[in-house]
Every structure is written in C-alpha cells, then in structure tokens.
Amino acid sequence: MRPLAADIRIESDRLVLKPFSAADADEAYACITPTLTRYMTWDPPASRAEYDSVWRDTWGPALAAGTDVIFVVRRREDGEFQGVVGIQHITDGSAEIGIWMREDRHGQGTGRAAAHLAAQWANSDLGITHFTYPVAEQNTASRRIAESLGGVVAEQRNTPKYAGVVYHIAMPATLR
C-alpha cells in the first residue's frame, strides 16, 4: 500500500471531506454518545484520553500506511462538523466503508452524500471497485445508505452488541 496524503480534500456542493486531524478531535468527541454508538461495534470512549489514543495511535498510522483513511465530514458553507466516514482495510481493488453522523444531523441525507463522495474518491484515486459495508440489521438508515450505493446483503455477521449484515457493493457505473 502507498501512504495516503494527510492533505486530501474532497468537495461537493454541500460537503467537504478531509482526513481526521487533531483539530477535529474536540468536535468529534463531543458528538459520540451511547445512542449514536448503539449500532456500532464500539462503545463511546470512557474519556477524552481514550479517544485521543484511537485517532492518534490508530487512524494516523493507518493513513500513513495506506490501509485506512478516516474522513471528517464538514458542511461546506460554514465548516460545521457533521460526522465521520471511513475507507478502511484498503487492499488492491477493495475496501470497507463505514460512517457515522452526529445525531442532530440524522435524516438530512448527509450520511448518504458523504458515503457517496468517499466511495467516488476511493474509486477514482485508489482504484477501489468493491466495498464491504457492515451494518446492524436494525439500523435501517445506514442500510439505506449501503443500498443507495448498490449494495446487496452478502452475509450475516453478528457482534456482541447486535445482529448484523454485510453489504457487498460493486462500484456502480453512475459513481465512477
């Protein structure tokens, strides 16, 4: 894998995606709640120090190694933090995509727009043609995002927190 640049910037008419940095930590941490993470494999960090170790010790080195990029999603008009979208476990032609949006922005189409933007970038810049998208069975909003990318359920994957499914997404021609 080739290292990914920390200065990646992906824009649409409404969103800007940039790799997570220390400057994003306060806003992101403030949005992580038990209700937000109920459909995630992870729980809210017990402290800010625990959260800092995740982004500093995991996300940064993974970006440098070229295996993962965790993007901060911001509204283009004013830079307001919206959430996070990740392209992870990058290999030749495939990757996993995952997303979370701050709770007060749910239902506004921001997650779908961010996932599409990240997938387009991964396809054009990294040559990713196939994604996996793991999600809790009961997380209908996130399942709709996977389906909007052309995803089809390919397997069951249960976690200690929930029953899940994994969507397989072949990069649709409309997004290339």
Side-chain angles (χ1 to χ4, degrees), residues 1-25 28 39-42 54-76 79 81-102 105 108-137 139-157 159 164-176:
M1 295 282 94
R2 66 178 170 92
L4 297 169
D7 64 350
I8 298 165
R9 183 179 175 95
I10 307 166
E11 294 186 45
S12 71
D13 59 336
R14 66 187 273 217
L15 299 176
V16 174
L17 278 58
K18 292 178 18 181
F20 189 95
S21 72
D24 303 307
Y39 294 134
M40 311 246 186
T41 57
W42 48 277
V54 170
W55 63 261
R56 184 182 55 244
D57 301 339
T58 305
W59 299 349
L63 181 71
T67 60
D68 298 24
V69 59
I70 307 301
F71 289 107
V72 170
V73 180
R74 293 190 175 277
R75 197 165 48 196
R76 185 174 182 171
F81 176 84
Q82 303 293 292
V84 172
V85 61
I87 304 293
Q88 300 172 283
H89 313 296
I90 299 167
T91 61
D92 289 335
S94 69
E96 180 178 298
I97 189 167
I99 189 163
W100 67 263
M101 293 291 113
R102 57 191 276 176
R105 296 300 180 262
Q108 298 177 3
T110 306
R112 180 179 188 269
H116 279 251
L117 200 55
Q120 287 172 318
W121 170 83
N123 177 254
S124 65
D125 283 35
L126 303 179
I128 303 298
T129 59
H130 179 267
F131 293 94
T132 56
Y133 188 113
V135 61
E137 282 182 358
N139 189 345
T140 56
S142 192
R143 291 184 72 167
R144 283 193 301 269
I145 291 172
E147 291 163 2
S148 76
L149 286 163
V152 294
V153 174
E155 64 182 274
Q156 302 283 109
R157 186 183 296 167
T159 75
V165 295
V166 178
Y167 283 87
H168 285 195
I169 301 165
M171 198 63 187
T174 57
L175 294 180
R176 288 189 199 164

Closest approach of L149 and A115, non-hydrogen atoms and distance?
CD1-CB, 4.2 Å
Heavy atoms of M40 and W100 approach each other most closely as CE-CB, 2.9 Å
Working to the nearest 0.5 Å, report the span between CD1 of I169 and CD of E147.
9.5 Å
With sequence neighbours excluded, what pairs up with R76 under the side-chain hydrogen bond (donor to acceptor under 3.5 Å, both in side chains) test?
E11
Calculate, to the nearest 0.5 Å, the distance between atoms CD1 and NE2 belonging to I145 and H116 respectively.
8.0 Å
Distance from F131 atom CZ to E96 atom CD, nearest 0.5 Å?
11.0 Å
Grab the two heavy atoms, one from A5 and one from P19, that are nearest each other, plus how far apart they are.
O-CG, 3.9 Å
Is the shortest heavy-atom distance from the side chain of K18 to the side chain of I8 under 4.5 Å?
no
Tightest non-hydrogen contact, residues I87 and A95, listed as CG2-CB, 3.8 Å
Side chains of R112 and I99, heavy atoms from C-beta outward: is any pair under 4.5 Å?
no
Find the distance between CG (L126) and CG (D92) and round it off to the nearest 0.5 Å.
11.0 Å
For the residue pair N123 and T129, establish whether any side-chain heavy-atom pair is separated by less than 4.5 Å.
yes
Listed by chain and number, what are the side chain to side chain contact (heavy atoms under 4.5 Å, CB included) partners of A141, not counting sequence neighbours?
N139, R144
For E137, check side chain to side chain contact (heavy atoms under 4.5 Å, CB included) against everything at least two apart and list the hits.
R143, Q156, A163, V165
Could you tell me whether the side chain of D68 and the main chain of L63 form a donor-acceptor pair under 3.5 Å?
no
Between G151 and Y167, what is the shortest heavy-atom contact and its length?
C-CD2, 3.5 Å
Check G83 against M101 and note the closest heavy-atom contact, atom names and distance.
CA-CE, 3.8 Å
R74: side-chain hydrogen bond (donor to acceptor under 3.5 Å, both in side chains) partners, not counting sequence neighbours
D24, E27
Kindly compute the distance separating CG (L17) from CD (Q120), expressed to the nearest 0.5 Å.
10.5 Å
Compare all side-chain heavy atoms of R9 with those of D7 and state whether any distance is below 4.5 angstrom.
no
Which residues pass the ring pair (Phe, Tyr, Trp, His ring centres under 6.0 Å) test with F20, not counting sequence neighbours?
W55, W59
Restricting to side chain to side chain contact (heavy atoms under 4.5 Å, CB included), what partner residues turn up for S94, sequence neighbours left out?
T91, H130
Kindly indicate whether the side chain of V135, heavy atoms from C-beta on, has any atom under 4.5 Å from the side chain of Y39.
no
Any side-chain heavy-atom pair from T110 and R14 closer than 4.5 angstrom?
yes
